[in-house]
Structure formats: structure tokens, C-alpha cells
Asker: 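Let me give you the structure first, and then I'll get to my questions.
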Amino acid sequence: MNRIQKTFARCKAEGKAAYVAYLTMGAPTLEKSFAAAETLLGEGVDILELGVPFSDPVADGAVIRAAANRALANGVTLADVLAGVSGLRARHPDTPVVIFTYYNILYSYGLKRFADEAAQRGVDAVLVVDLPLEERGELLDVLRPAGLTLVPLVAPTTGPARVRAIAEGLEDSFLYAVTVKGTTGQRASLPPELASRLTEIKRLVNLPVVAGFGIRTPEEGAAVASHCDGFVIGSALVERFMKDA
């Protein structure tokens, strides 16, 4: 089993949901964002998603957009984020690390170059927000030989057949179930049909299901994850550490 599989097995054995934390790397500075990652790991985070700043983050709301702009102004690049993973991996040998990005960044960097460097640094998986099922083959072709996997996403509107197709072949990863229509960011409430939606997705796939977008606290996340295997907190954490800067 890889680190992702071992983490979900451990969480299941402990009777808890996996807590996945997202940070925009480079905001307020690269050093402080890696320090924030260390803080979160000390607070019990199970999986880290390290967001690479991008100039057109179409899936992200105001908080993460502002953080990305700050990181870009600091000159932070994919190479900088990958370089910082080495230290995290040395200190936390068992924690899964996911690079959260957009496809243009990887394509411009070079897919094989990215896969080779990510594997060397200790990355476990990549989540590409804007990469559809039909076009992910060329990325998987370089990730798999490097020992990496892909975190797939399904939207609230994704139908059952497509959910199955998106999950197929990625049993060594986890499925990111987007909880709300629209962009990332905190919500006053989550959709009332979310519980049944997550239960249905769980029935359709053979990998852990994690709910993300709009979740504000670990307590809220754990309540949502009573219907799946884990939860993601992103914007609330980014806002927290930007305020602390």
C-alpha cells in the first residue's frame, strides 16, 4: 500500500474521518506557508494538499485567489513548492502530500519533469482541478512510472456512470467529491442533499471518498464525513494563516 492507502486504513481503524488540509503555498510567504503546514500536522491533519499559485484559478473563491496573487507577487513557482516538500517528507515520512494545481502549470513545466521531480521530493499524488477524464491519460502515463497517483474530482452534477469512470483505475488514491456548485470558499450552510449524494458516490466507487469545498471547521468536516471517508478544509485555513502573518 502507498501512503494514501495506509492513511485511510489507519483512520478507518481509529474510527475517524481523514482530515485533509489545503494551503496556498507562498502566501503570505513560502517559508510561512510551510510553517503553517507544520502547525497543521501538529494539530492532527492527516493529508496535506499544497496549492501551487496560478494566475487564473477558476475553481477558487476570493480567499484563495487573493492568496494566489500574494504568492505570485512573491515569485513562488511550482519548482519552489516541490523543493520545499523534501523537508516535509524528511520530518513526516508517513504523511501523504498532494500537489494541488492547474494543468497549464504542469504542461508548461513539463509533465515528465514534474513527475520525476515530484517523486524525488516525496510527493504522493497530484490533483489537477481543470483536467477532465478524457484528457488525463498523458499525465497518468508519466505519473505511474514515477510511482505517483492522481486525485480525481467529481462535481455535484456528475452522473453515476461518469463517477464510476472517473474513479476507475485510481484505487490507490481518493476521490474528491465537490460539495457545492461554484468555487471554493466558506458557506453559511452546505446543501441538504449532500449526505445522500456522498452515500451514493460511496456506493459507486472502490476508493475513499473525501468531501471538499465550503467546509469551515474540523467539527463540521467530521459531521459531513460521517457519510464518506474524509473532508477537506481549504479557504478557512488559508484565511487563518494569512491573518496570522
Asker: Judged by atom type as modelled, is there a donor-acceptor pair below 3.5 Å linking the side chain of D46 to the main-chain atoms of V20?
Answerer: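 It does not hold such a pair.
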
Asker: For R144 and T149, which I'm curious about, is there any donor-acceptor pair between the side chains at under 3.5 Å?
Answerer: yes

Asker: What class does the angle between the rings of F8 and F174 fall in, given that below 30° is parallel, 30 to 60° is tilted and above 60° is perpendicular?
Answerer: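 Rings of F8 and F174: tilted, 30 to 60°.
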
Asker: A side-chain contact here means heavy atoms from C-beta on lying under 4.5 Å apart; do Y19 and I47 qualify?
Answerer: no

Asker: Is it the case that the side chain of T158 and the backbone of A155 share a donor-acceptor pair, with hydrogens and angles ignored and the cut-off at 3.5 Å?
Answerer: yes

Asker: How would you list, by chain and number, every residue that makes a ring pair (Phe, Tyr, Trp, His ring centres under 6.0 Å) with F114, sequence neighbours excluded?
Answerer: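 Ring pair (Phe, Tyr, Trp, His ring centres under 6.0 Å) list for F114, sorted by chain: empty.
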
Asker: Between E220 (side chain only) and R216 (backbone N and O only), is there a donor and an acceptor less than 3.5 Å apart?
Answerer: yes

Asker: Answer whether the closest heavy-atom distance between the side chains of L175 and V210 falls below 4.5 Å.
Answerer: no

Asker: Do Y103 and T101 meet the criterion of a side-chain donor-acceptor pair at a distance under 3.5 Å?
Answerer: no

Asker: For the residue pair Y102 and V128, what are the closest heavy atoms and their distance?
Answerer: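 That would be C-CG1, 3.9 Å.
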
Asker: Would you say CD of E31 has more than 12 non-hydrogen atoms from neighbouring residues, nucleotides or ligands within 6.0 angstrom?
Answerer: no

Asker: Does E168, at its CD atom, have more than 12 non-hydrogen atoms belonging to other residues, nucleotides or ligands within less than 6.0 Å?
Answerer: no

Asker: Hey, does the side chain of R3 reach the backbone of P93 with a donor-acceptor pair shorter than 3.5 angstrom?
Answerer: yes

Asker: Might you confirm whether atom CG of N2 has over 12 heavy atoms from other residues, nucleotides or ligands at distances under 6.0 Å?
Answerer: yes

Asker: Hey, is the main chain of G26 close enough, under 3.5 Å, to the side chain of T29 for a donor-acceptor pair?
Answerer: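 No; judged by distance alone, with no hydrogens or angles, the pair does not exist.
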
Asker: Checking the side chain of E171 only, and the main-chain atoms of G169 only, is there a donor and an acceptor separated by less than 3.5 Å?
Answerer: yes

Asker: Check step by step if salt bridge (charged side-chain N to carboxylate O under 4.0 Å, His left out) holds for K202 and D229.
Answerer: CA-CA 9 Å; K202 281 279 294 176; D229 303 289; 2.9 Å; yes

Asker: Is a side-chain donor or acceptor of S173 paired with a backbone partner of L150 at a separation under 3.5 angstrom?
Answerer: yes

Asker: Please answer whether the main-chain N or O of H92 pairs with a side-chain N or O of R89 as donor and acceptor at a distance below 3.5 Å.
Answerer: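 Yes, R89 side chain to H92 backbone: donor-acceptor pair under 3.5 Å.
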
Asker: Is it the case that one hydrophobic cluster holds both M242 and L72, taking links as side-chain heavy atoms less than 4.5 Å apart, direct or via other members?
Answerer: no

Asker: Could you tell me whether R113 sits above the aromatic face of Y109, with NZ or CZ closer than 6.0 angstrom to the six-membered ring centre and within 45 degrees of the axis?
Answerer: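 Yes.
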
Asker: Ignoring hydrogens and angles, tell me if any N or O in the side chain of S33 forms a donor-acceptor pair with the backbone of L30 under 3.5 Å.
Answerer: yes

Asker: Are the side chain of E239 and the backbone of A236 linked by a donor-acceptor contact shorter than 3.5 Å?
Answerer: no

